[in-house]
Every structure is written in C-alpha cells, then in structure tokens.
Amino acid sequence: MKIVGIYQLYLGYVLPRLNEGEEAGQIGIDAGDFRAWVRPKALGDPLFPEDIDVTLSSMQISIARADGSEGKLDFAVESTCLDRVQVVLEWEVDPDAFDVDEEFQRSLDRVTIMADYYLDHLRFVANSPFVKRIDRSWRTQDDRFVINVPYSCTWFNGDDRSSLGVFGPGVNGVAKSNSIRSPETGVADLAALETSLGTALPPPLHRSLIIDAEEHLHGTVLREAVLSMASACEIAAHLLIARNGGERDGTIAPVLSRRNVPFAQRYYDDLPSAVAARSLRTEDAESFDLVQEMYGQRNWLMHRGAFKDDFLDLGWRDQHRRVHSWLVAARTAVSWIDTI
C-alpha cells in the first residue's frame with residue numbers, strides 16, 4: 001500500500017523570500033525507500049491552509065510550576081507561527097504488517113530530515129544565520145525524538161487518494177502543538193556555586209564545552225556536538241601540559257614530537273604516562289576507545305566537512321546513541337585528566 005502524507009511544519013521566524021516571495025522553491029527528493037517534496041509557503045499562500053491547521057492555530061498552551069510556586073506561561077499556538085514549510089511524503093508499507101504509530105514516527109523522522117535539508121541550503125544561499133532547522137529534541141532517557149514546533153499531518157491512500165482514517169475512527173489527520181521543554185533545570189550544590197563564583201573567572205572553557213555538547217546532542221545538532229566535545233578533550237589535555245612545565249618541558253616535548261600518533265593515544269595515554277605514570281587507556285579502556293573514535297570523526301569533520309561513511313550509514317537514532325556514548329566518554333576523560 002502506498003501512503004501519501006502532507007505535513008505542515010510551522011516556524012517562529014519568516015523564511016527568506018525567493019524571487020520576492022512569488023516562487024516557493026519546491027524541491028523533490030527520491031530517497032529510495034520514500035519520496036519527498038519540500039515547499040515553503042509562498043507570499044500569497046494562507047498560513048493555515050486546511051481545517052486541521054486552523055484547528056491547530058486555535059490551541060492554547062498553559063505551563064505552571066509543579067510545586068505550585070509563582071510563575072506561569074500562557075500562550076496561543078497561533079502566536080508562535082510566522083511561517084511554514086510543507087513536506088509531502090510518499091512511501092510504501094506492507095498492509096499485513098502495518099503499525100500506525102511506528103509508521104507515523106518513521107514518517108516524522110523523514111519529514112524533519114527533508115525539511116532540514118531544504119532549510120540548511122536556504123540558510124546557506126540566503127547567507128542568513130536566522131534560518132534555523134526544525135527545532136526538535138532527542139531524549140536520552142527513552143530514546144525519543146520530540147518536535148518542538150507546531151505541525152499537522154494528513155494521510156491519504158496513494159493509489160486512489162482516499163482518506164486513510166488510521167488516527168481514530170474516520171480520522172486521517174493529526175495536529176500537534178509545539179512541544180516545550182520542562183522549565184525545570186535541575187539542582188546544584190550551593191558550596192560548589194560559591195567556590196566557582198569565588199574564582200572571579202568565567203567557568204572553565206573545556207567543562208563548558210562538554211555542557212554545550214550535551215545541549216547540541218539534545219537539540220539533534222550532531223556535528224556541533226562532536227566538535228564541542230572534541231575541543232573540550234583537546235583543551236583539557238593542553239591544560240595538563242601547561243600545569244606540568246609547558247610544551248618545551250623535557251618530559252613533555254618528546255611526547256608531542258612523535259609523528260602519526262592518534263589523538264587519544266598522545267594526550268590520554270602517552271602524555272599522562274609521562275608526567276604522572278597514569279593512562280586513561282589503562283584505567284578506563286572503554287572511554288579511551290570512544291574518545292579515540294570520536295576524535296577520528298572530528299578530524300573528518302574538520303578536514304572533509306562530513307562524518308565518516310560508517311557513521312553516516314547508521315540510522316538516525318543509532319547516530320544519536322553513538323554520539324551520546326562519545327559524550328559520556330568525553331566527559332569522563334575530561335574529568336579524569338583534570339585530576340592529574
């Protein structure tokens with residue numbers, strides 16, 4: 001059975017206009033197991049084109065503190081929508097093994113990837129840093145992706161264009177308000193905060209980059225996540241060098257002068273072995289190997305502008321799981337080398 005899904009993804013900013021807004025700039029993409037057509041709203045198009053979108057625009061959101069303390073946020077979904085991107089998705093399913101929720105989640109992955117592909121190129125061509133990808137989050141605790149913008153979808157039978165009433169009795173569409181991250185941000189130790197404030201300096205850059213990497217990962221920005229964690233590991237290693245006499249120190253210079261030595265081996269095995277008779281490879285081999293793997297991907301990003309093929313061949317969720325394993329290892333490595 002062939003399914004045709006029409007998805008409207010709403011944006012909190014206005015897209016750069018093509019040919020003064022008269023041309024929407026549709027692009028068709030054949031990905032093998034599905035086809036997609038991406039088209040932004042043209043100047044004369046309605047912002048909310050169908051009944052389901054009008055229904056979406058009328059939704060109201062209210063957020064309150066769980067502990068009952070002061071502070072509350074109320075807004076209409078319509079107030080967050082300034083523009084939209086339409087993605088028409090077409091794919092085949094086995095009617096004898098058809099799971100609506102599974103296909104719906106798979107379709108959302110495909111739709112956001114296709115929309116992001118279009119937006120990335122529009123951002124580049126327009127030279128506009130204000131063009132953003134579809135905001136969505138990856139939740140490590142349950143391995144779920146959540147779209148953080150309002151969206152609607154309607155499904156049709158691709159063979160005869162009849163409605164597919166699979167979302168409820170006779171219902172062939174879904175409208176979702178924008179998901180919102182919890183306003184709660186965790187807890188912190190007061191003594192640790194006072195100690196940090198007492199330094200009269202900004203927080204350590206390498207530790208801050210690890211936090212940035214986690215933010216990028218949850219925001220599904222994997223390239224920036226890897227570059228941030230790799231930079232954190234590199235800075236932490238150079239701080240160890242500075243604490244032990246600098247690059248010209250007689251113990252350190254031979255380590256740095258060796259050619260063709262992988263990053264983790266040089267900075268998390270050879271260097272700490274030379275200055276403190278310690279090694280991450282010996283003390284935590286799994287983290288060591290993951291840092292080595294992560295930094296190899298960093299090198300491809302820096303020198304070739306893309307991840308290695310073995311990473312790109314992974315599925316979307318597997319990519320996030322892998323980057324998460326690198327993040328855990330990078331945090332461990334940075335914390336470890338800071339103690340030397």
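None of these values were measured; they are calculated from a predicted model. Heavy atoms only: backbone and side chains are in, while hydrogens, waters and symmetry mates are out.
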Exercise for the section: State which residues pass ring pair (Phe, Tyr, Trp, His ring centres under 6.0 Å) with Phe104; sequence neighbours excluded, sorted by chain then number. Expected result: Phe167
Practice task
Would you give the length of the straight line joining atom CE of Met1 to atom CG of Asp159, rounded to the nearest 0.5 angstrom?
Solution key: 8.5 Å
Problem - side chain to side chain donor-acceptor pair (under 3.5 Å) evaluation trace for Thr154 with Asn172 - result: CA-CA 6 Å; Thr154 50; Asn172 75 318; 5.2 Å; no
Exercise for the section: Kindly give the heavy-atom pair with the smallest separation between Ile210 and Leu327, and that separation in Å. Expected result: O-CD1, 3.9 Å
Handout entry: His218: partners by ring pair (Phe, Tyr, Trp, His ring centres under 6.0 Å), with sequence neighbours left out
Key = none
Handout entry: Verdict with reasoning, Arg123 to Asp116, per salt bridge (Lys or Arg N to Asp or Glu O under 4.0 Å)
Key = CA-CA 10 Å; Arg123 183 176 191 266; Asp116 285 345; over 6 Å; no
Completion exercise
Under a side-chain separation threshold of 4.5 Å, the hydrophobic residues clustered together with Leu197 are Leu193
Handout entry: Pairwise side-chain contact, Arg298 with Leu227, heavy-atom cut-off 4.5 Å (strictly under)
Key = yes
Handout entry: ring-ring contact (aromatic ring centres under 6.0 Å, His included) contacts touching residues 47-78 (sequence neighbours left out)
Key = Tyr10-Phe48
Practice task
Scan residues 178-216 for pairs that pass ring-ring contact (aromatic ring centres under 6.0 Å, His included), counting only residues two or more places apart or in two chains.
Solution key: none
Exercise for the section: Show which residues join Val14 in its hydrophobic cluster (side-chain heavy-atom contacts under 4.5 Å, direct or indirect), or state none. Expected result: Leu82
Exercise for the section: Would you indicate whether Arg106, at its atom CZ, is surrounded by more than 12 heavy atoms from other residues, nucleotides or ligands within a distance under 6.0 Å? Expected result: yes
Handout entry: Min side-chain heavy-atom separation Tyr117-Val38 under 4.5 Å
Key = no
Practice task
Tell me who clusters with Ile6, hydrophobic residues only, linked when side chains sit under 4.5 Å apart either directly or through other members.
Solution key: Val4, Trp37, Val88, Phe156
Handout entry: Parallel, tilted or perpendicular, as decided by the 30° and 60° cut-offs, for the rings of Trp155 and Phe98
Key = tilted
Handout entry: With sequence neighbours excluded, residues passing salt bridge (charged side-chain N to carboxylate O under 4.0 Å, His left out) with Glu92
Key = none
Handout entry: Student check: side-chain heavy atoms of Trp91 and Ser107 closer than 4.5 Å
Key = yes
Handout entry: Reported CD1-to-CG distance for the pair Ile241 and Leu256, which is rounded to 0.5 angstrom
Key = 4.5 Å
Handout entry: Any residue meeting salt bridge (charged side-chain N to carboxylate O under 4.0 Å, His left out) with Glu234, in chain and number order, not counting sequence neighbours
Key = none
Handout entry: Inter-residue atom distance Ile134.CD1 - Leu11.CG, 0.5 Å rounding
Key = 5.0 Å
Handout entry: Side-chain heavy-atom pair Met229, Leu217 within 4.5 angstrom cut-off
Key = no
Exercise for the section: Answer whether the closest heavy-atom distance between the side chains of Leu18 and Leu122 falls below 4.5 Å. Expected result: yes
Exercise for the section: Determine the interplanar angle of the His324 and Trp138 rings, folded into 0 to 90°, and report it as parallel if under 30°, tilted if 30 to 60°, perpendicular if over 60°. Expected result: perpendicular
Problem - Side-chain touch Asn148/Ser137, heavy atoms, less than 4.5 angstrom - result: yes
Exercise for the section: Among Ile, Leu, Val, Met, Phe, Trp and Tyr joined by side-chain contacts under 4.5 Å, find the other residues sharing a cluster with Leu239 and list them by chain and number. Expected result: Leu205, Leu209, Ile235
Exercise for the section: Evaluate the side-chain proximity of Asp45 to Arg84: yes if any heavy-atom separation is below 4.5 Å, no if none is. Expected result: yes
Problem - Sequence-distant partners of Trp336, ring pair (Phe, Tyr, Trp, His ring centres under 6.0 Å), two or more places apart - result: none
Problem - Results of salt bridge (charged side-chain N to carboxylate O under 4.0 Å, His left out) for Asp284 - residues two or more places apart only - result: none
